[in-house]
Each structure stands twice: as C-alpha cells, then as structure tokens.
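Below is one structure, written out as structure tokens; comments come after it.
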Protein chains: 2
Amino acid sequence: MSQVDRIEINLYEYFRNENFVPGDSIPKEVELAEAMGVSRTAMREALTRFKTLGIIESKKNRGMSITQPDFFQNMNRILNPSLLTKETMQDFFELRLVIEMGIVDLLFIRKTNDDLKKLENIIEKEEAAKSKSEKLKLDIEFHSTLYQISGNHTIERFQKILMPIFDYMNHDLHIRSQEENEDYISHRVLLKILENGTAEEFRMNMHKHLIQYFEQIK
Amino acid sequence: MSQVDRIEINLYEYFRNENFVPGDSIPKEVELAEAMGVSRTAMREALTRFKTLGIIESKKNRGMSITQPDFFQNMNRILNPSLLTKETMQDFFELRLVIEMGIVDLLFIRKTNDDLKKLENIIEKEEAAKSKSEKLKLDIEFHSTLYQISGNHTIERFQKILMPIFDYMNHDLHIRSQEENEDYISHRVLLKILENGTAEEFRMNMHKHLIQYFEQIK
DNA sequence: TATCGATATATGTCGTACATATGTATTTGA
DNA sequence: TCAAATACATATGTACGACATATATCGATA
C-alpha cells in the first residue's frame with residue numbers, strides 16, 4: 001500500500017468524522033499536508049482522486065469544498081465501448097430492458113395530464129414521419145419521455161448514459177419492421193393503457209413492445 | 001479549462017486512437033509528458049485521474065497499462081450516505097424496486113433447477129428462523145439470490161452496492177409485520193410461481209410482496 | 001547450472017519556486 | 001462621498017530537480 005493510499009483513507013475518515021455536507025469548505029492543501037506530515041505533492045495526488053470522484057472540487061483561489069458526488073459523470077468518462085468487454089456490454093443492454101420494465105409502477109404513480117399530452121404529441125409526429133431516421137429519433141424520444149415521467153432523476157440520467165451502448169448494440173441486431181411483426185404493440189397502444197389501463201396491463205404490453213430485444217437474451 | 005484538463009482530453013483521444021485493449025502497456029510518464037510538451041507533474045495528475053477511474057493501472061517498475069474500468073468500484077468509494085442528498089437516496093431506493101420488478105423476465109429465461117433448490121433451501125431456513133435479525137438476513141439472501149439467478153453480473157454487483165442505502169432508508173420506515181399485512185405474499189408463493197407460473201404472475205405478486213415499499217413512493 | 005547480487009529503470013515521494021486567478025484592501029479621481 | 005481603478009495577498013496550478021523504492025534483467029560467483 002502506497003503513501004497516497006494511506007492518505008486517501010485518512011482523508012476519507014476525516015471527511016466522515018467532520019460531518020461535512022456539500023458546500024462546506026475544507027482546509028487548504030498545505031494545512032492538510034502538514035497535519036498528516038506528508039508532502040504537498042502526495043496530498044495533492046490524494047486530493048486529485050477525490051476531485052476525480054467528484055467528492056471535492058477546487059477553485060483557483062477560493063480553496064476546496066465538499067461537493068455532491070456524481071456517479072454518472074464518471075460513468076460517462078469510462079463507458080467507452082471499446083474498453084468494455086462484450087459481457088459487460090450485454091449486461092448493460094439487459095439492464096436497460098430491466099429498467100424499462102421496472103419503472104412502470106413509477107409511471108402510474110407519477111403520470112400527469114401534461115405528460116400524457118407530451119406523449120400524444122410525440123406519437124402524432126411519429127405517425128407522420130416519413131424517414132427511418134426521423135422515426136428512430138421519435139422512438140427514442142418516446143422512451144426518454146417515459147423515463148422523465150418516472151420522476152426519478154437518477155434513473156433518467158442513467159438511461160441517457162446507457163443510450164450509446166444500446167445504440168451500439170443495435171447495429172448487430174436485425175430488427176424486424178412493424179409489418180413483419182404480427183402482434184406489434186405500438187406506442188399509441190401503450191399510451192392508451194397509460195391513460196386508462198393498469199400497471200399490469202402496461203407491463204405486459206411493454207414486454208411485447210420490447211419483445212425483439214428480449215428474444216436476443218439467452 | 002486548465003492545462004491538466006487538456007492533457008486528460010488528449011490522453012483520452014490517444015487511448016482511443018491507439019485501439020488499446022485491457023492489458024496493453026502504455027508509454028512511460030516522461031515520454032508522455034515530453035510528447036505533449038508538458039511537465040511530468042501535470043501529466044501525472046492527468047494520469048492519476050485515469051487511475052482513479054480505473055482506466056489505467058501502474059506498477060512500481062513495470063510501467064502503466066490499460067485496464068478494464070470498473071464503475072462499481074468507484075461507486076463504492078462515493079456511496080457515503082452522509083454525502084448524498086435525500087433526493088438521490090430516494091432515487092436509489094426507487095431504483096432498487098425498479099430493478100427488482102424488472103429482472104423478472106431474466107429470471108424466467110435463466111432459472112435452473114439448482115436455483116430453485118437454493119431458494120427452497122433459504123425459505124426453509126427462513127420459516128424455521130426464530131430471531132428477527134436472522135429472518136432479515138435470510139430475507140436479504142432470498143432477494144440476493146434472485147439477482148444471482150438473473151445471470152447479470154453487472155446488476156448483481158449493482159444491487160450489492162445499493163444494499164447499504166436500502167438498509168439505511170429502512171430505518172426510517174415502519175414495516176408492517178406479516179401478521180399485520182392482510183394479503184402478504186410470502187417467498188414461498190413467489191417460489192411456486194417461479195417454478196410453475198408465468199412471468200406476468202410473478203411480477204404481479206412481486207409487486208404485492210414489495211407493496212410496503214411502493215406505498216412509500218409519492 | 002543455479003543462485004545470489006549488482007544495476008538499470010519506471011513509478012512514488014519530496015521540496016522549492018513561480019504562475020495564475022480571485023478576493024480584499026487601498027488608492028485615486030470626479 | 002462614492003465609484004472605479006489599482007495594488008496586494010492568497011490558494012491552487014504548473015514546473016523542475018532530486019532522491020526513494022520496488023522490480024526486472026543481466027552478470028558474477030560458487
């Protein structure tokens with residue numbers, strides 16, 4: 001274990017014991033370094049780790065302060081498809097489906113009339129859309145809106161970050177067109193159920209709507 | 001934008017262009033620094049960021065190499081309840097419910113006889129358990145096993161990390177005992193459905209099983 | 001030939017100096 | 001008197017040079 005590792009642990013302990021909340025400012029580098037009897041260099045490296053994790057932030061002269069860490073910001077930095085194994089990619093692919101099926105209860109708890117109108121609006125554009133790319137764009141917008149309606153910002157951001165992966169994996173899939181698909185469930189049907197149906201109905205039909213993706217899972 | 005920020009971006013570009021895969025070794029610090037015309041100090045700080053994110057790793061003399069980043073490892077370092085806002089905590093609380101409802105399809109795709117036996121085993125212990133703490137432990141084990149059965153390692157790890165949060169929030173909840181709860185769905189019922197029922201049934205009953213948590217959501 | 005030891009090497013740690021941005025105090029001018 | 005411009009102090013950011021330390025490689029010795 002290196003010096004910096006020890007410093008990191010000590011700092012972490014220190015932050016917890018002091019009961020810092022986001023916004024609180026912390027002692028300056030030299031003070032921390034002296035207090036722990038280490039060089040400013042080593043202390044800075046430990047601090048850099050915390051900065052990278054989003055636990056602290058520093059401004060040129062104002063010193064450093066505790067911040068609310070943001071997982072998904074980091075996730076963005078590391079979710080480079082070329083660096084992920086195929087298995088992890090597949091996992092995230094499935095996770096998207098899991099979330100999409102799982103948020104249904106939240107939708108029924110939190111839906112508002114405005115939300116329904118918004119979906120209606122998207123569907124209308126979708127039905128009028130000519131080009132394939134435009135349809136795809138509106139398809140994504142529909143599902144993104146569902147995440148919004150869930151009212152869970154964390155999940156919403158999560159989905160935004162997972163999107164590129166889903167996109168990336170889509171290239172390998174042969175997606176049947178609506179015409180080829182006997183019992184295709186359209187967005188309009190989903191909206192009707194969200195308006196007048198139950199969560200159970202919605203889940204069943206969402207599953208059918210996503211059936212082509214589920215078929216990929218073995 | 002600071003010098004180090006620029007270096008980070010450049011490095012990121014460089015890594016991508018070189019098509020590195022985990023295990024590949026990268027040039028040494030001084031070479032990278034010279035190549036970009038910056039000091040070793042600044043380069044090291046940028047490298048520290050990547051090390052923190054788990055994109056590269058360094059060994060004392062062997063130099064540095066690309067590694068498979070591990071998002072959840074970082075998450076562990078960050079998930080300090082005292083540093084999270086109440087809203088984010090609530091979000092994660094909900095996310096757990098979302099995943100639990102969403103993995104049902106994976107369960108039905110991937111369940112094996114061994115899995116069912118394992119669940120049966122847990123339930124038997126649970127029914128024989130006397131103390132409250134032991135029951136709680138087995139309750140957690142039951143649900144953890146479901147995550148295992150989902151066959152999705154990413155989700156499984158995700159759940160393990162979210163557990164402390166869920167635990168933490170549980171303290172604030174008044175959980176009705178089974179006796180107080182009219183139509184409580186037991187683990188045994190869930191297992192029966194997993195054995196002989198359908199995914200839809202399972203979801204409906206899982207929702208009832210978790211009803212007390214869903215009632216917390218507004 | 002096998003084992004031990006010297007050496008070279010790349011990261012880790014240290015100290016110092018200076019750059020830069022920013023908040024605060026001071027001076028200047030109307 | 002007050003506002004604007006200026007100077008100053010301060011904390012982080014960047015740079016350089018030196019040494020510590022772990023480890024791989026090669027060479028010497030028994």
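Keep in mind it's a predicted model, so treat the numbers as computed, not measured. Here is how names work: the chains are called A, B, and so on, in the same order as the sequence lines, proteins then strands, and each is numbered from 1.
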Any chance CZ of Arg62(A) has more than 12 other-residue heavy atoms, nucleotides or ligands included, within less than 6.0 Å?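 No - once you tally the heavy atoms of other residues, nucleotides and ligands closer than 6.0 Å, there are 12 at most.
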
Whole angstroms only, please: what is the [atom1]-[atom2] distance between [X] and [N]?
X        : N       : atom1 : atom2 : answer
Ile26(B) : dT11(C) : CD1   : P     : 8 Å
Glu45(B) : dT12(D) : CD    : P     : 12 Å
Glu57(A) : dG13(D) : CD    : P     : 11 Å
Met43(B) : dA10(C) : CE    : P     : 16 Å
Leu32(B) : dT11(C) : CG    : C1'   : 13 Å
Lys28(A) : dT12(D) : NZ    : C1'   : 11 Å
Met1(A)  : dT11(C) : CE    : P     : 22 Å
Lys60(B) : dA22(D) : NZ    : P     : 6 Å

The side chain of [X] lies closest to which of these nucleotides: [options]?
X        : options                   : result
Ala42(B) : dT21(D), dA15(D), dG13(D) : dA15(D)
Ser2(A)  : dG23(C), dG13(D), dG12(C) : dG12(C)
Asn61(A) : dT22(C), dG12(C), dT12(D) : dT22(C)
Arg62(A) : dT12(D), dT9(C), dG23(C)  : dG23(C)
Glu29(A) : dC16(D), dG13(D), dT9(C)  : dG13(D)
Arg40(A) : dA17(C), dT13(C), dA22(D) : dA17(C)

Side chains of Thr88(B) and Asp91(B) only: does a donor on one sit below 3.5 Å from an acceptor on the other? no

Quick check: on DNA chain C, is the nucleotide nearest Ile7(A) upstream (toward 5') of the one nearest Lys59(A), or the reverse? Name the residue that is more 5'.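 Nearer the 5' end of the strand: Ile7(A).
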
Under 4.0 angstrom, heavy atoms only, what part of the nucleic acid is [X] near: base, sugar-phosphate, or nothing?
X        : answer
Thr41(A) : base
Val30(A) : nothing
Arg44(A) : base

Phe166(A) vs Phe93(A) aromatic rings, parallel, tilted or perpendicular, using cut-offs 30° and 60°? parallel

Ion pair check, [X] and [Y], cut-off under 4.0 Å:
X         : Y         : result
Glu100(B) : Arg96(B)  : yes
Arg203(A) : Asp105(A) : yes
Glu29(B)  : Arg44(B)  : yes

I want to check one thing: is the phosphate of [N], taken as OP1 and OP2, less than 4.0 Å away from some side-chain N or O of [X]?
X        : N       : answer
Lys51(B) : dG12(C) : yes
Ser58(B) : dA10(C) : no
Gln3(B)  : dA15(D) : yes

